Amino acid sequence: MKKYRISFPHLGNYYVPIYQLLEQLIDKETTEILIPKKMSKETIDLGSRVSPDFICVPFKYNMGNYIESLESGANVLIQAGGGCRYGYYFELQEQILKDLGYSFLFITLLDPEGIRVKNVFQKFKSINPKLTFTHFVQSFLVAIEMIYALDDFETYVRENLVYEKVKGSFIKLHEAFLESLKKVKNKRELRACKKEYFKKLKEIPLDPSKKNLKIGIVGELYTSMEPFASLFLERELADMNCYVKRYTTVSYLLFEKGRNQAKLLKLAKPYVTYALGADGLESVAHTLELIEQGYDGIIHIKPFGCMPEINAMPILQKISLEKNIPIMYLTFDSQTSEVGIKTRLEAFYDMLDMKKKRRSV
Amino acid sequence: MKEYYIGVDIGSISTKAVVIDENKEIVASTYLWTEGSPIEAVKKVVRDLKRQLAALKEEFKIYGVGTTGSARNLIGTILQANVIKNEITAHAIGTLSRYPNVKTILEIGGQDSKIIIIKDGIVVDYAMNTLCAAGTGAFLSSQAKRLGVPIEEMGDIALHSKNPSKIAARCTVFAESDLVHKAQIGHKKEDLIAGLCNSVAKNYLNNLSKGKPIEDMVVFQGGVSKNKGVKKAFEDILQKTIYVDPDSHLMGALGVAILSLEDRQEEIPFDLDMENTEFQTIGNDCKGCSNECEIISVYKNGKLIDRMGGRCDKFHLLVKNK
């Protein structure tokens, strides 16, 4: 067995670029990568058992992933961090896991003062002394390009799933794309893979007459990006013939969010004049943008107890009233029953549908 | 030969059913407790409807069956329904058929409550309680038991109160401890009950309406609407006339019966003799992938008629889900 066995929590399909990045950064002589087990009910059960009851649900999912990885032999864990409670996850998670008797090295990408490229480099160097700064930066650039490719691919799938002529063709191609992304070794291969699959993607036959309602999804990042945490909300909507748009992706959060702050504040006027923490401002600004673009309805999602999104909600309620557009609020916790969500989605759909038909008469 | 349509609303606490004719008039209706066993409840409901229809001494055929409520998929399968609809839409349709000018529907049922906002005859907004069942029928009935008062009489008793006790409205646990405390320091029973009714109304408005405009006309329905005390509490707080239909508990069933009528198909083979039919449900986890969906298989006389709960096409609903 290798000296270091490194693992990380799941977030949608981003395990592919993370795996690629790690593979570049580690010394293969001493280190191996363990992709965490696929999300399942077991994951959230394990996670909830050891997490504080009132913590937001991404924490519980992360814990489930960690425990499943530790049980299969991991001894180095990675955590990111962000602008809300997420920023404090790592301390608590490390403590809880150590109390449970696991021994491991915990690497956090974000320090309390924010992300410092040099610090992150030092942390990886500690498990791979051969790592050079140039190689580190280059690997990151490839990973970023891969994240963009993945996001572009998934955005296209999300926005066209509803038009799909042969049911299942997008999902099949999506899986194949992920499989070949996993095998990519460098920038050249990445570009070739991207080219091949985007060509195939555009060739999937579409039926534009199928489109019915346009629905935008705004809200917290984890429930937006991890389909398991939102009980497959997006697929459910596509099955109901809805066109789905969402802004939040990793490439957006990492590279566009910071740049867009001024634009968002302008968009959110006069409802918000300062940032609400994490993605609260985004939720408001994007809601206004979606209304402007003629979306039929908006779904706001968050984990139970998510403060930044709770900040955004009263503002969204006001917008909903003033602009006369329905907004549905969904809160997710560790429950895995879809019946409640389904009932609300169906009713939301019926309402939007009746409204639209009435307008067109 | 009469054309009839059946609407069944299977809630967590009670099961409601109506039979309507082609003019959307109710010709038979029934209401009983689900008691945790929707299949048994539906069997009883069908038996009761059959008896009522036989008493009418008219020849009839059933042209459609609709189901709604939290057990709508299961019961829809068993009854071979042509329409399976969520309760929000069903309630709105049912109420609109009687009150075309309704703008706000307040609905409090056994375990859930909802508010539906209607504009020009269509639903424009709604909300449903999400995280807890505070202020619903289940809460009222457990408190009625505590006070030793039959739930049916609560409303009338509340109306006698001149000085309702103040009872916390935010959370059932607080409400309950408030109630116990005030009872022990000597508040009168009618004041306590009136206080409870007020707290249900306040809890509802705090949790659901959240800034939604409550405009005339306001219709109050669901099981709790039978409680005159809660109706009065709403009237006092909102300063509006609240309409409660004599069939206020049947609106969901009526709505889905109407939807089934609008989706009229050929006469469907509806078997009013369900008593001798054996229905069985078996639940197990599918191990096909990491989703591990909980699959419920429904058997009729030992024959598989449907499987529900799967996320992929492997377990497609055999009954149309629309």
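Just so you know, these numbers come straight off a predicted model, no measurement behind them. Chain A is the first sequence line, chain B the second, and so forth, proteins listed ahead of strands; every chain is numbered from 1.
Heavy atoms of B:Lys114 lying under 4.5 Å from chain A are absent altogether. Within the 4.5 angstrom heavy-atom criterion, only side-chain atoms of A:Met328, from C-beta onward, approach chain B.
Judged as a salt bridge (Lys or Arg N to Asp or Glu O under 4.0 Å), and not counting sequence neighbours, B:Lys202 has no contacts. Every residue two or more places apart in sequence or in another chain was checked for a salt bridge (Lys or Arg N to Asp or Glu O under 4.0 Å) with A:Lys38, and none qualifies.
More than 12 heavy atoms of other residues, nucleotides or ligands shown are found within 6.0 angstrom of CE on B:Met217. The environment of A:Lys37 atom NZ is sparse: at most 12 non-hydrogen atoms of other residues, nucleotides or ligands sit within 6.0 angstrom. For A:Glu292, the CD atom counts as loosely surrounded, since its 6.0 Å shell holds 12 or fewer non-hydrogen atoms of other residues, nucleotides or ligands.
Contact tally against chain B (heavy-atom pairs below 4.5 Å) for A:Ile171, A:Thr343, A:Leu321: the top residue is A:Thr343.
For the atom pair B:Asp285 CG and A:Lys41 NZ, the distance stands at 4.5 Å (nearest 0.5 Å). For the atom pair CZ of A:Phe348 and CG of B:Asp125, the computed distance is 8.5 Å after rounding to the nearest 0.5 Å.
Side-chain contact between B:Lys85 and A:Asp350 is present, with heavy atoms from C-beta onward closer than 4.5 Å.
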Determine, stepwise, if the pair B:Lys119 / A:Asn324 fulfils side-chain contact (heavy atoms from CB on, under 4.5 Å). CA-CA 11 Å; B:Lys119 212 183 220 167; A:Asn324 198 9; 3.8 Å; yes
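Side-chain atoms of B:Tyr126 come within 3.5 Å of backbone atoms of A:Arg344 as a donor-acceptor pair (strictly under, hydrogens ignored).
Summarising the geometry of A:Ala347 relative to B:Thr89, their closest heavy-atom pair is CA-OG1, 4.1 Å, with the distance given to 0.1 Å.
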